[in-house]
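In each ligand, atom 1 is the first atom listed, and ligand 1 is the first ligand listed.
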Amino acid sequence: MRIGVAKEIKPDEYRVALTPAGARELVQRGHEVVIEEGAGVGSSFPDELYVRSGARIAPVDEVWETAELLLKVKEPIEPEYGRLREGLVLFTYLHIAADEPLTRALVDSGIRAIAYETVETDDRRLPLLAPMSEIAGRLAAQAGAHYLEKPYGGRGLLLGGVAGVAPGRVLIIGGGMVGYNAAVIALGLGAQVTILDRSIDRMRYLEEIMSGRVSLLMSSSLQIEESVREADLVIGAVLIPGALAPKLVTREMIGAMKDGAVFCDVAIDQGGCAETSRATTHSDPVYEVDGVTHYCVANMPGAVPITSTKALTNATLPYVEAIADHGLADALARDPALARGANVVDGKIVYEAVAEAHGLDFSPLEDVLPLSRV
Ligand SMILES: NC(=O)c1ccc[n+]([C@@H]2O[C@H](COP(=O)([O-])OP(=O)(O)OC[C@H]3O[C@@H](n4cnc5c(N)ncnc54)[C@H](O)[C@@H]3O)[C@@H](O)[C@H]2O)c1
């Protein structure tokens with residue numbers, strides 16, 4: 001199959017959908033890999049590295065026009081809508097439930113659009129979202145430690161303390177993928193860490209793997225109020241799949257925090273879990289409410305494209321190989337997790353939540369793309 005890799009043109013996006021190592025794997029399986037000029041530069045992968053892996057470098061028009069399978073990181077943005085076309089398989093993050101113009105552009109083009117974020121295993125894991133949550137969680141603890149420093153508007157507190165001086169207190173609301181990874185880094189810095197979650201099973205699991213090094217408490221409105229007041233750094237990491245984040249932290253709770261404390265709302269991409277949260281960018285990441293520094297960057301992994309690109313390719317490559325080796329219909333038939341990634345196929349919306357979100361018609365995938373059984 002001819003696999004194209006497009007350069008991201010969204011502002012502040014430096015990731016690329018395939019590493020040179022991934023390109024070599026695909027070439028060795030007999031596929032042709034065509035990389036857009038300069039696509040990997042933001043992630044420190046110059047064109048020569050792809051050429052050495054057996055890929056070819058081409059201008060933007062050739063990549064989009066000749067690919068059978070096109071790999072991207074972010075959803076197509078308006079200047080790219082004209083490049084969407086019938087028969088092309090597009091594999092990328094889409095998030096189209098919140099983007100009606102793109103949904104309509106995908107439907108009108110007749111493209112086959114498979115979204116990373118809705119690839120979902122039978123046990124409800126989201127394998128292509130998880131690597132970005134790992135990274136965002138780790139960055140959240142680092143950003144929190146940074147903004148607690150006095151010159152950056154913080155209380156002037158070293159999270160780890162030193163011998164004879166107590167460490168800082170980190171509160172993590174939501175102990176999933178983001179929360180666990182934030183805890184790992186906060187513990188590594190020497191902080192005292194508390195995680196609140198609503199799932200007993202998840203807390204049992206965390207208790208087991210973290211061997212009692214964090215306090216695990218049941219999340220309730222009262223517990224959140226008490227814990228937020230005592231914390232130096234609060235990290236919001238809740239998720240209710242498919243829904244906006246619940247507003248668990250009220251304006252009053254923020255007002256009761258210590259002056260110069262930090263609130264890092266990782267759940268901002270789902271609307272944020274505090275009443276005071278609003279999305280920020282890497283170029284202007286923080287703002288202050290009632291003396292509390294708010295860090296609410298909606299695309300945190302974008303800050304570390306070298307790591308994010310490698311982590312993303314590690315997760316996506318097996319699915320890319322499946323589509324390239326078997327063709328889309330066979331690959332979807334073989335793997336129900338990948339089939340759940342299909343959002344728009346041949347002019348029809350095949351992901352129910354997307355159709356519902358825009359009040360458009362839903363068609364079951366099987367009716368649109370006869371899935372050959374293997
Ligand atoms: N800002 C970014 O750049 C960025 C990057 C990656 C992920 N995220 C976001 O981070 C959030 C967390 O993602 P994740 O992968 O860790 O999800 P996850 O599903 O692995 O974990 C979410 C956890 O929240 C818990 N939870 C749900 N309701 C709760 C409540 N009321 N109180 C306490 N805990 C509760 C769940 O039990 C679960 O353990 C999501 O909104 C995700 O979109 C943001």
Side-chain angles (χ1 to χ4, degrees), residues 12-15 73-74 93 95 97-98 115-121 123-144 171-185 194-207 209-210 214-228 234-250 253 263-274 277-282 285-286 294-305 307-308 311-312 315:
D12 277 344
E13 183 53 67
Y14 303 103
R15 289 173 289 177
V73 179
K74 297 300 286 183
Y93 286 119
H95 296 287
Y116 292 157
E117 75 276 4
T118 65
V119 171
E120 183 179 347
T121 60
D123 58 354
R124 313 217 61 181
R125 284 180 307 106
L126 302 169
L128 303 188
L129 257 196
M132 295 306 114
S133 290
E134 282 179 280
I135 291 172
R138 287 171 185 237
L139 280 173
Q142 288 184 192
L171 172 69
I172 300 169
I173 309 175
M177 192 59 90
V178 167
Y180 165 71
N181 280 279
V184 166
I185 297 301
T194 300
I195 299 179
L196 308 185
D197 204 293
R198 269 196 332 185
S199 157
I200 295 270
D201 287 342
R202 181 68 188 171
M203 285 195 281
R204 282 202 186 103
Y205 172 74
L206 291 173
E207 174 73 31
I209 57 168
M210 304 194 83
V214 296
S215 302
L216 292 155
L217 299 174
M218 177 53 78
S219 176
S220 68
S221 169
L222 184 63
Q223 188 61 59
I224 292 172
E225 188 179 307
E226 286 176 10
S227 301
V228 164
V234 175
I235 296 176
V238 293
L239 177 66
I240 298 174
L244 282 178
K247 299 286 181 210
L248 301 173
V249 179
T250 63
M253 292 182 198
F263 176 59
C264 177
D265 198 349
V266 185
I268 190 68
D269 62 342
Q270 302 289 332
C273 62
S277 298
R278 60 173 167 80
T280 60
T281 60
H282 287 297
V286 292
H294 285 53
Y295 175 98
C296 305
V297 175
N299 65 331
M300 294 175 69
V304 289
T307 310
S308 301
L312 181 65

Report the part of [X] (side chain from C-beta onward, or backbone N, CA, C, O) that has a heavy atom under 4.0 Å from ligand 1; answer both or neither where that applies.
| X | result |
| --- | --- |
| Ala130 | neither |
| Met177 | both |
| Leu126 | neither |
| Leu196 | backbone |
| Ser133 | both |

Below 4.0 angstrom from a heavy atom of Asn299, which ligand 1 atoms are there? Numbered from 1 as shown, please. 3 (O)
Would you call Ser219 and Ile224 a side-chain contact if the rule is heavy atoms closer than 4.5 Å? yes
I'd like to know if Ile135 contacts ligand 1, where contact means a heavy-atom distance under 4.0 Å to any ligand atom. no
Any luck finding a side-chain donor-acceptor pair between Asp123 and Thr121 under 3.5 Å? yes
Atom 13 (O) of ligand 1 sits nearest the protein heavy atom Val178 CG2, 3.6 Å
Considering heavy atoms of the protein only, find what lies nearest to atom 43 (O) of ligand 1 and give residue, atom and distance to 0.1 Å. Asp269 OD2, 2.8 Å
Counting heavy atoms only, which of Gln223, Arg198, Met218 comes nearest to atom 30 (C) of ligand 1? Arg198
